[in-house]
Amino acid sequence: MASGQVQLPKITEGYLGPQAKFEAYGLSTISHSDPVIYMAEDQPTVDIIIGIQPGTRITTKLISYDRKKECNEYCLVRAMGPTYSFLIRPPLGGFYKFQIYALPGNEAGPQLLGVYNYFIHCPNNFGDYPFPKQFPMWKGGYLYEPLSLPKGIRHPAVKFNVTVPNAKEVQVKVDELWNPLQETEPDTFEGLVDFSQGYKSGSKAKVNVRFSGNNYNTLLEYSL
């Protein structure tokens, strides 16, 4: 069935598209102005890009409409200047609700407000490839590679490439082994990490950052 023929499920009136505070917070759609997105038959990902104001806090939810289940590990949030990229890679075919929440930096309170809702149709099962877990301090960074690591990986040279604004040092910690990345451009860190020895199931590869002093914070975490 062609994407245009897929029947849209019933959804609450007013759910789709910009919500009350979207324009008030200075947000804008850049890549997808239509809140209903039909992925192509051979398209495993969709990259939704919005414009934001400096200091705005952003979070998201990705929910399988068919299975009534959150699947946030299949959305990678990346920042680049005045824009945010939400790279979505659904694990199974079907409809997904993608909800964006925001709050300006000058507004108090921990509760971010819903500002835009998308409805995404994924036509096929493209495989189970979750993105790394993203910790709160990650917001503002941009991951180029690797977007995921396969279970049981034994590659001798996996390239890591990440932008972390204001970072003094970035390292990839695999179990207890630290692998420093080199700053190749301002705020951009790259390097190769050896996974050839293999790691037991449940091991973690963590992208850690040092902004000041001697303390490191985890930004991203891959499950091996």
Checklist entry - Can you list the residues that meet the ring pair (Phe, Tyr, Trp, His ring centres under 6.0 Å) rule with Tyr116, with sequence neighbours excluded? => result Phe22, Tyr118
Next on the checklist: Glu185: which residues meet the salt bridge (charged side-chain N to carboxylate O under 4.0 Å, His left out) condition with it, sequence neighbours left out?
Outcome noted: none
Next on the checklist: So does Gly17 get a backbone contact from the side chain of Asn117, meaning a donor-acceptor N/O pair under 3.5 Å?
Outcome noted: no
Item to check | Check against side chain to side chain contact (heavy atoms under 4.5 Å, CB included), Ile120 and Ile48 | outcome: CA-CA 11 Å; Ile120 302 169; Ile48 298 172; 4.1 Å; yes
Next on the checklist: Tell me which pairs pass salt bridge (charged side-chain N to carboxylate O under 4.0 Å, His left out) where either residue lies in residues 66-76, with sequence neighbours left out.
Outcome noted: Lys61-Glu70
Show every donor-acceptor pair shorter than 3.5 Å between a side-chain atom in residues 50-59 and any protein atom, with sequence neighbours excluded, or say none if there are none.
{"residue": "Gln53", "atom": "NE2", "partner": "Gly26", "partner atom": "O", "Å": "3.2"}
{"residue": "Thr56", "atom": "OG1", "partner": "Gln53", "partner atom": "O", "Å": "2.8"}
{"residue": "Arg57", "atom": "NH2", "partner": "Gly109", "partner atom": "O", "Å": "2.9"}

Checklist entry - Below 6.0 angstrom between ring centroids: does that apply to Tyr144 and Tyr142? => result yes
Item to check | With Asp47 via salt bridge (charged side-chain N to carboxylate O under 4.0 Å, His left out) - residues at least two apart | outcome: Arg78
Checklist entry - What pairs meet the salt bridge (charged side-chain N to carboxylate O under 4.0 Å, His left out) rule with one or both residues in residues 209-224, with sequence neighbours excluded? => result Glu169-Arg210, Lys206-Glu221
Checklist entry - Can you list the residues that meet the salt bridge (charged side-chain N to carboxylate O under 4.0 Å, His left out) rule with Arg89, with sequence neighbours excluded? => result none
Checklist entry - Asp34 side chain to Val36 main-chain N or O, any donor-acceptor pair under 3.5 Å? => result yes
Checklist entry - With hydrophobic residues grouped by side-chain heavy-atom distances under 4.5 Å, do Tyr222 and Leu147 end up in a single group? => result yes
Next on the checklist: Give me each pair satisfying ring pair (Phe, Tyr, Trp, His ring centres under 6.0 Å) with a member in residues 180-219, each pair once, sequence neighbours excluded.
Outcome noted: Trp178-Tyr216
Next on the checklist: If you count heavy atoms of other groups shown closer than 6.0 angstrom to CD of Glu23, is the number above 12?
Outcome noted: no
Checklist entry - Do Val207 and Ile153 sit in the same hydrophobic cluster, where Ile, Leu, Val, Met, Phe, Trp and Tyr count as joined when their side-chain heavy atoms come under 4.5 Å apart? => result yes
Next on the checklist: Tell me every residue that passes ring pair (Phe, Tyr, Trp, His ring centres under 6.0 Å) with Tyr65, counting only those two or more places apart in sequence or in another chain.
Outcome noted: Phe119
Checklist entry - Distance-only, no hydrogens or angles: does the Gln43 side chain make a donor-acceptor pair with backbone N or O of Thr45 under 3.5 Å? => result yes
Item to check | From CA spacing to verdict: side chain to side chain donor-acceptor pair (under 3.5 Å), Tyr101, Gln99 | outcome: CA-CA 7 Å; Tyr101 301 81; Gln99 302 171 176; 2.6 Å; yes
Checklist entry - Which residues satisfy the ring pair (Phe, Tyr, Trp, His ring centres under 6.0 Å) test with Phe131, sequence neighbours excluded? => result none
Checklist entry - Checking side chain to side chain contact (heavy atoms under 4.5 Å, CB included) against Val164, which of Asp187, Leu219, Leu143, Leu181 comes through? => result Leu219
Item to check | Pairs touching residues 151-168 that satisfy side chain to side chain donor-acceptor pair (under 3.5 Å), sequence neighbours left out | outcome: Lys159-Glu190, Thr163-Thr188
Checklist entry - Under the ring pair (Phe, Tyr, Trp, His ring centres under 6.0 Å) test, which residues partner Tyr129, sequence neighbours left out? => result none
Checklist entry - Between the main-chain N or O of Leu177 and the side-chain N or O of Asp175, is there a donor-acceptor pair closer than 3.5 Å? => result no
